[in-house]
Amino acid sequence: MPLGESDRLLTILTKEYGLLKAVAGGSRKHNSGMAGRSLVFVVNHLLITRGRSLDRIKQADTLVVFRHIAQDLAKLTSAQYLAELSLAQALTEQPQEELFLVLWEHLHRLEHCPQQEVLPHLVHGVYHLLAIAGFAPNVHQCCFSQQPIGTTQAGFSVVAGGLVALDQEVALSAKISHFLNPREVKAMQELGERELSPEVIAMPTPVWLTVEKVLRACTQYHFDRRIHAADLLEACFC
């Protein structure tokens with residue numbers, strides 16, 4: 001956010017100290033060396049000094065710039081989505097290496113993937129960020145019966161935290177928030193993998209939009225906050 005006449009106050013996710021706020025002096029001046037280094041989705045090696053009220057960035061060496069993310073609306077919206085989810089769980093003054101590396105990994109995938117793969121990679125990243133927070137939904141067993149669920153029709157309960165078998169007894173007692181077809185169930189069941197298979201990535205956009213809505217409901221339920229970037233998803237992918 002702007003600060004004073006020419007500075008920016010940055011919110012920074014770090015491996016070593018978690019979430020920090022620091023002033024990038026003069027970074028809003030066009031000829032400033034800090035101008036590009038203080039933009040969103042830039043990874044820097046920073047030297048930060050403590051201040052009485054605000055810390056200040058004294059030196060910044062850029063390691064990675066996600067240029068393609070900034071130039072593509074779908075990729076930018078997806079990256080903002082992942083950033084919002086990361087901010088929802090980031091802690092201050094505590095190491096956040098796993099969160100930092102998972103966010104970096106999925107931003108890297110968004111940066112380099114073709115346009116038709118942006119939405120699957122976004123959903124994959126959302127699931128992994130939920131997993132770090134301990135809120136990843138159960139996608140292989142019924143939350144009530146604990147019986148395995150194959151790639152068949154299933155319900156999903158946000159409150160129960162995962163898939164629900166649609167047999168009559170369970171369905172009557174479950175608070176089902178979403179109903180999923182076999183392709184949507186298959187997509188959800190692969191989200192815990194390190195890499196999505198080409199077959200799953202190639203599933204139609206409506207499948208991924210449905211799975212995203214399910215994960216968004218989980219996110220908003222557990223973190224009690226709205227994901228603002230999600231408002232633009234349908235405009236980007238429909």
Side-chain angles (χ1 to χ4, degrees), residues 1-3 6-48 56-90 96-129 132 191 194-196 198 201-202 205 208-209 212 215 227-238:
M1 60 179 293
L3 183 69
S6 60
D7 300 343
R8 285 191 181 101
L9 179 62
L10 306 184
T11 301
I12 308 162
L13 179 64
T14 72
K15 289 189 292 185
E16 300 87 349
Y17 304 104
L19 207 61
L20 302 177
K21 290 185 182 292
V23 177
S27 59
R28 288 161 57 210
K29 294 180 180 178
H30 295 296
N31 59 351
S32 170
M34 279 297 298
R37 294 179 175 90
S38 63
L39 298 177
V40 294
F41 307 122
V42 176
V43 183
N44 297 302
H45 186 261
L46 301 174
L47 175 63
I48 299 176
R56 298 191 70 86
I57 298 172
K58 290 298 184 181
Q59 182 178 329
D61 297 319
T62 298
L63 303 177
V64 176
V65 179
F66 294 108
R67 290 187 175 87
H68 295 297
I69 285 177
Q71 296 168 357
D72 182 282
L73 179 59
K75 291 186 176 186
L76 179 60
T77 300
S78 300
Q80 289 174 332
Y81 191 132
L82 297 180
E84 283 191 57
L85 183 50
S86 299
L87 285 172
Q89 59 182 291
Q96 299 279 268
E97 183 169 4
E98 185 179 17
L99 177 60
F100 180 94
L101 293 176
V102 168
L103 177 60
W104 187 340
E105 177 183 356
H106 287 283
L107 290 178
H108 184 270
R109 287 176 178 165
L110 288 175
E111 171 79 359
H112 296 285
C113 74
Q115 185 69 30
Q116 66 270 21
E117 297 182 5
V118 172
L119 185 55
H121 285 302
L122 164 63
V123 176
H124 195 209
V126 171
Y127 184 92
H128 283 199
L129 289 171
I132 290 176
L191 292 177
R194 180 68 184 272
E195 302 278 349
L196 295 175
I201 289 177
T205 296
W208 289 110
L209 286 173
E212 182 280 322
L215 294 185
I227 303 297
H228 295 282
D231 295 341
L232 294 175
L233 283 183
E234 292 192 3
C236 293
F237 298 109
C238 289

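- Side-chain contact between E212 and Y81 is present, with at least one heavy-atom pair separated by less than 4.5 Å.
- Within the 4.5 Å cutoff, side-chain heavy atoms of E105 are placed close to those of R194.
- Side chains of Y17 and I12 form no contact here, defined as non-hydrogen atoms less than 4.5 Å apart.
- Two residues are said to be in side-chain contact when any heavy atoms from C-beta on lie closer than 4.5 Å; H121 and S78 fail this criterion.
- Side chain of R28 to backbone of D7: a donor-acceptor contact under 3.5 angstrom is found.
- Here the CZ atom belonging to R8 is positioned 9.0 Å from the CE atom belonging to M34, to the nearest 0.5 angstrom.
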Practice task
In sequence, state the C-alpha distance, the side-chain angles, and the governing distance for V43 and L107, and then conclude on side chain to side chain contact (heavy atoms under 4.5 Å, CB included).
Solution key: CA-CA 11 Å; V43 183; L107 290 178; over 6 Å; no
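- Using a distance-only test at 3.5 Å, with no hydrogens or angles considered, no donor-acceptor pair links the side chain of E98 to the main chain of I132.
- Here the CG atom belonging to L76 is positioned 10.5 Å from the CD atom belonging to Q71, to the nearest 0.5 angstrom.
- Nearest approach of A24 to S27, heavy atoms of both residues: O-OG, 2.9 Å.
- A side chain to side chain contact (heavy atoms under 4.5 Å, CB included) with L46 is found for one member of L10, L20, I57, T14 and no other, namely I57.
- Between W104 and F100, the ring planes lie perpendicular to each other; the angle is over 60°, past the 30° to 60° tilted range.
- In this structure, K21 and T11 approach most closely via the heavy-atom pair NZ-OG1, 2.9 Å.
- More than 12 non-hydrogen atoms from other residues, nucleotides or ligands lie less than 6.0 angstrom from CD of Q116.
- Two residues are said to be in side-chain contact when any heavy atoms from C-beta on lie closer than 4.5 Å; V118 and F237 meet this criterion.
- Contact check for D72 versus Q115: side-chain heavy atoms found under the 4.5 Å cut-off.
- Separating the CG atom in D61 from the CZ atom in R37 is a distance of 6.5 Å, to the nearest 0.5 Å.
- We find the CG-CD distance between L87 and Q80 to be 11.5 Å, quoted to the nearest 0.5 Å.
- Looking only at distances, a side-chain donor or acceptor of K75 sits under 3.5 Å from a matching main-chain atom of L110.
- I69 CD1 to H108 NE2: the interatomic distance, rounded to the nearest 0.5 Å, is 10.0 Å.
- Across all non-hydrogen atoms, the minimal contact from S86 to L99 is O-CD2, 3.8 Å.
- The minimum heavy-atom distance between C236 and L73, with the atom names listed, is SG-CG, 3.9 Å.
- Side chain of S32 to backbone of G26: a donor-acceptor contact under 3.5 angstrom is found.
- Note: C113 SG to L196 CG = 11.0 Å, rounded to the nearest 0.5 Å.
- A 4.5 Å side-chain heavy-atom check between E195 and R109 finds at least one atom pair inside the cut-off.
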